2 protein chains.
Amino acid sequence: MIDTHDRILETAKNLYHEGGFQSVTMRKVAAELDLSATAIYRHFRNKEHLLIALFEDAHRTFTRYLWESLGGGTPLERFRSAGEAYLRFALEEPLYYQMVFMAPSSHLGYEEMPETICEELNRSFHFLVDRVRECMNEGLFTEGVPERTAVAVWAHSHGVISLYLTGQLNDLVGSREEFEAFYWEAMQPLMQGLQPHNGGGRDRS
Amino acid sequence: MIDTHDRILETAKNLYHEGGFQSVTMRKVAAELDLSATAIYRHFRNKEHLLIALFEDAHRTFTRYLWESLGGGTPLERFRSAGEAYLRFALEEPLYYQMVFMAPSSHLGYEEMPETICEELNRSFHFLVDRVRECMNEGLFTEGVPERTAVAVWAHSHGVISLYLTGQLNDLVGSREEFEAFYWEAMQPLMQGLQPHNGGGRDRS
DNA sequence: GTCTATAGGTGGATAGAC
DNA sequence: GTCTATCCACCTATAGAC
């Protein structure tokens, strides 16, 4: 049995899907759980605190996916593993993905999210930068500024995923399996372009 | 002097920025224009019609940007020109870009947007597919399914732009000029990967 | 084309009983 | 920890005067 605190967060997450943060109302959360509207206030001081808790859970969950991907033996394996974790997070927690990476900061409604979240995102980004730097150091990627290459890779993954999550690839990919295949297919030209092209090197990962 | 109809749309666009479609209220639009709340109803039947009109204007505007980009002499010039138009639309009409490409369909609030909008998006997509196909036919891009390559390119552009518009690249790029430079820099590895690599061909566009 | 008056709905939050 | 009762703010939309 899950405790009410977590069930409230779960319900709020699903309501977020309907229309963003503004669709999460205390009354709807309560109704969904067969509680009175005011019962929620025993678990969260107010709506802002509820949304912040939800946002924090989203980021914590993402961090967990990313860190659990560590373990590959070679830099290229670790790089690919990070991409897999990113994709898995997006597909298994699409609502959290939308909160973390697709919500315009102005849509949060409230001022600023806690500093801890910014730090967590920074650590995640530097995790990716480290994966890129490793590959550069081993000569697997063309030399360059790791941060900028990392953003390019991140943007590419994010672009494919966010078009899918907003339903704009529905004509192209029907099932989740089809989409996973397309994700890696779309990644190929970029990976080719990142590798040094010393006369036709075509070592696929 | 702009007529009230257009000023209402303009105001609604700016309110959208604050918190999505739900932040656009008839009262706030009216207040912004120093009108009574009910005056809006002389120009739009109700809120849904206002939002649809706004959405349609967003798509029309995008189409205009895209079509005005036609004119380059070579397939590669036309391809690059399309990418420039896409970027220009995103930077000059960021709120419209968010509506067209970043809003989860479920956040629209209302059932379905008019069929005309879907058709317009389809035409825009096939415009890009044609640019890709041209380049493939001339041997500038590796042979493949033009639709899938087009999506890969689209996703890449969209990824860079949407991360920027959500404020996630603020540490990397400060000014609009810096971002434009980064947009093309991030595009380079992908372009490299799209070109046939017959022993070190490095013809940049 | 714009106004005021108004009806009816939804949502955030508190107080106090159980 | 959950309830009911309650208040207040804000929203959509209509009716009818000017």
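By convention in this document, chain letters (A, B, ...) are assigned in the order of the sequence lines, proteins followed by strands, and residues within each chain are numbered from 1. Remember, it's a predicted structure, so these values are computed and weren't measured experimentally.
- Here chain A contacts DNA chain C (any atom closer than 4.0 Å to a heavy atom, that is under 4.0 Å), and the contacts span C:dG11 to C:dT14 from 5' to 3'.
- Here the closest non-hydrogen pair linking A:S36 and A:A30 is O-CB, 3.3 Å.
- Within the structure, the salt bridge (charged side-chain N to carboxylate O under 4.0 Å, His left out) test picks out the following pairs touching residues 155-181 of chain B (sequence neighbours left out): B:R176-B:E180.
- A search for ring pair (Phe, Tyr, Trp, His ring centres under 6.0 Å) contacts involving A:W184 returns nothing, not counting sequence neighbours.
- Each end of the helix from C:dG1-D:dC18 to C:dC18-D:dG1 gets its own axis from five base pairs, and the two axes differ in direction by 0°, given to 10 degrees.
- Both B:N46 and B:R42 lie close to DNA chain D; mapped to their nearest nucleotides by heavy-atom distance, the more 5′-ward contact belongs to B:N46.
- Applying the salt bridge (Lys or Arg N to Asp or Glu O under 4.0 Å) test to B:D6 and every residue at least two apart in sequence or in another chain returns nothing.
- With sequence neighbours excluded, no residue satisfies ring pair (Phe, Tyr, Trp, His ring centres under 6.0 Å) with A:Y183.
- Sorted by residue number, the members of residues 31-41 of chain A with any non-hydrogen atom under 4.0 Å from DNA chain D read A:D34, A:L35, A:S36, A:T38, A:A39.
- The stretch residues 29-51 of chain B participates, sequence neighbours left out, in these ring pair (Phe, Tyr, Trp, His ring centres under 6.0 Å) pairs: B:H5-B:F44.
- Contacts of B:Y164 classified as ring pair (Phe, Tyr, Trp, His ring centres under 6.0 Å), with partners at least two apart in sequence or in another chain: B:F179.
- Residue pairs meeting the salt bridge (charged side-chain N to carboxylate O under 4.0 Å, His left out) criterion with at least one member in residues 85-108 of chain A, sequence neighbours excluded: A:K13-A:E93.
- The salt bridge (charged side-chain N to carboxylate O under 4.0 Å, His left out) contacts involving residues 139-165 of chain A comprise A:R148-B:E185, where partners must be two or more places apart or lie in separate chains.
- The list of salt bridge (charged side-chain N to carboxylate O under 4.0 Å, His left out) pairs with a residue in residues 56-66 of chain B, not counting sequence neighbours, reads B:D57-B:R60.
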